[in-house]
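Residues take their numbers from the sequence shown, with the count starting at 1.
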Amino acid sequence: MKILLTTDSYTHMTNGVAIVVATLANAYREKGHDVRVLTISGDRKAHQDGMVYYMPSFEVPLYPDLRMSLVHRHPYIKEVRNWAPDVVHIHSEASTARIGKAIAKAVGAPVVMTWHTDYAKYAFHKHHSLGVVKMVSKRLMAIMYYRSNIITVPSYKAKSILDGYGLKHPNTVIPNGIMLERFYQDITPEEKKTLLRQHGIGEDKKLLVVISRLSAEKSISELIEYLPALVEKDPQIHLMIAGSGPDEKHLHNLTEKLGMEEHITFVGFVKPEETYRYYKLGIAFLSASTFEMHSLTYLEAMACGLPLICRNDPSLQGVLTDGFNGYIYNTQDEFTEKAFRLTQDIALRNEMAKNSLQRSMEFSEDALADRMLAVYQNVRDEYDKTTTKRGKKSKRKNKS
């Protein structure tokens, strides 16, 4: 099958969408499919890297991490159109979605779109439920998902939210997957000592790990605010925060305000291929976010054999089972009690670590690819059937 993946996030920026697209592309190629990726570059120049096409882009004012492209015609677009994909899978709603839909229309291919982010909540935070915001969001969703044949979502939480927008398109749940072998790697005791020394963390610390984009919606400030009560119970407990983002300065200031500088270490941005090393420095992974649809960091932490301690959220369904591979908390007292229990009980920690590792196997890139390929085949069959009924001939070439 010839598969075109489009995304506004790829190698020029690191986030969950980029990782999912790269995971799919790798898995599809391993299975013998012909895959191309159309994305935007990190500058105003177009370039090609193998079967990945980068469209020129520009920064969006007020949103320094966001880039867009207004390109309508380009030799790369023509090349992809002549290649004639069997299915177009769109992962971002802006620049490359427009291009991907145009290609699909030109070659007679169905469009699959994946909804990764609730942008209303991302942009408006606690105000996302206001009537005017809901009205505008529904209209924007109808525009962004126009001409999609089916929408995939990574969790039942995402499906519930998407259903609330009232879109008429069919949708289905396909949980995210990761390249497990990246996280099944071990680090030696010497490597661990070197990393801890590099960041000024004592080898005797009971290290709790956060790996995340440092932005307000991730609620990392909550974990920092909860830490003093935990440290009061055991001064050897230490929090390591890996990542970068717009909330970084605020989090540093909050740490200083609470006098937690000796108990919190910010290690900055970590390259994706190096993150497993940082997970494996810790004894548990923390998250206070209720923004996630189906966080890849939960899956990565499990694959590294870490118990999870996460704020209660529907996105945890099928990922974290309270008391099995970690703990779910609802209040600060609950967080403190459960986190303290886990840091003190080595046998409990080892059992939960084993359970996390076991559960991670359910979220392999192979499982993700197989589920998504089944969606492609079904939507392609339905698309061909519909166009035949309408008396239209498919424009696709070399169907496989």
With the threshold set at 4.0 Å, does a side-chain nitrogen-carboxylate oxygen contact exist between [X] and [Y]?
X: Lys280; Y: Asp186; result: yes
X: Asp366; Y: Lys31; result: yes
X: Lys218; Y: Glu292; result: yes
X: Arg67; Y: Asp8; result: no
X: Glu274; Y: Arg277; result: yes

Counting C-beta onward and ignoring hydrogens, is there a side-chain heavy-atom pair between [X] and [Y] closer than 4.5 Å?
X: Met302; Y: Tyr279; result: no
X: Phe324; Y: Arg359; result: yes
X: Ile283; Y: Leu207; result: no
X: Asn171; Y: Lys159; result: yes
X: Tyr54; Y: Gln48; result: no

Measuring from atom [atom1] of [X] to atom [atom2] of [Y], what distance do you get when rounded to the nearest 0.5 angstrom?
X: Leu251; Y: Phe266; atom1: CG; atom2: CZ; result: 5.0 Å
X: Ile237; Y: Thr336; atom1: CD1; atom2: OG1; result: 9.5 Å
X: Met179; Y: Leu299; atom1: CE; atom2: CG; result: 13.5 Å
X: Leu227; Y: Glu232; atom1: CG; atom2: CD; result: 11.5 Å
X: Leu214; Y: Lys249; atom1: CG; atom2: NZ; result: 15.0 Å
X: Met141; Y: Glu93; atom1: CE; atom2: CD; result: 7.0 Å

*Anything under 30° is parallel, anything over 60° is perpendicular, the rest tilted; go ahead and classify Tyr226 against Phe335.*
tilted
*Anything under 30° is parallel, anything over 60° is perpendicular, the rest tilted; go ahead and classify Trp115 against Tyr165.*
perpendicular
_Passing option when Asn312 is tested against Thr290, Asp322, Asn330 for side chain to side chain donor-acceptor pair (under 3.5 Å)_ = Asn330
*Co-membership, hydrophobic cluster, residues Ile211 and Leu196, 4.5 Å side-chain*: yes
Looking at [X] and [Y], would you say the former's side chain and the latter's main chain have a donor-acceptor pair under 3.5 Å?
X: His199; Y: Ile201; value: no
X: Arg311; Y: Ser289; value: no
X: Lys78; Y: Arg73; value: no
X: Trp83; Y: Pro85; value: no
X: Gln198; Y: Gly200; value: no
X: Arg36; Y: Val52; value: no
X: Ser360; Y: Leu357; value: yes
X: Asp345; Y: Leu348; value: yes
X: Arg147; Y: Lys101; value: yes
X: Thr39; Y: Thr7; value: yes

Measure centre to centre between the rings of [X] and [Y], then say whether the value is under 6.0 Å.
X: Phe183; Y: Tyr276; result: no
X: His169; Y: Tyr146; result: no
X: His89; Y: His91; result: yes

For [X] and [Y], test the side chains for any donor-to-acceptor distance below 3.5 angstrom and give the result as yes or no.
X: Thr152; Y: Thr114; value: yes
X: Ser287; Y: Tyr298; value: yes
X: Tyr28; Y: Tyr376; value: yes
X: Ser41; Y: His47; value: no
X: Asn149; Y: Glu382; value: no
X: Gln377; Y: Asp381; value: yes

*With a distance cut-off below 6.0 Å to the six-membered ring centre and an angular limit of 45° from the axis, does Lys233 pair with Phe340 as a cation-pi contact?*
yes
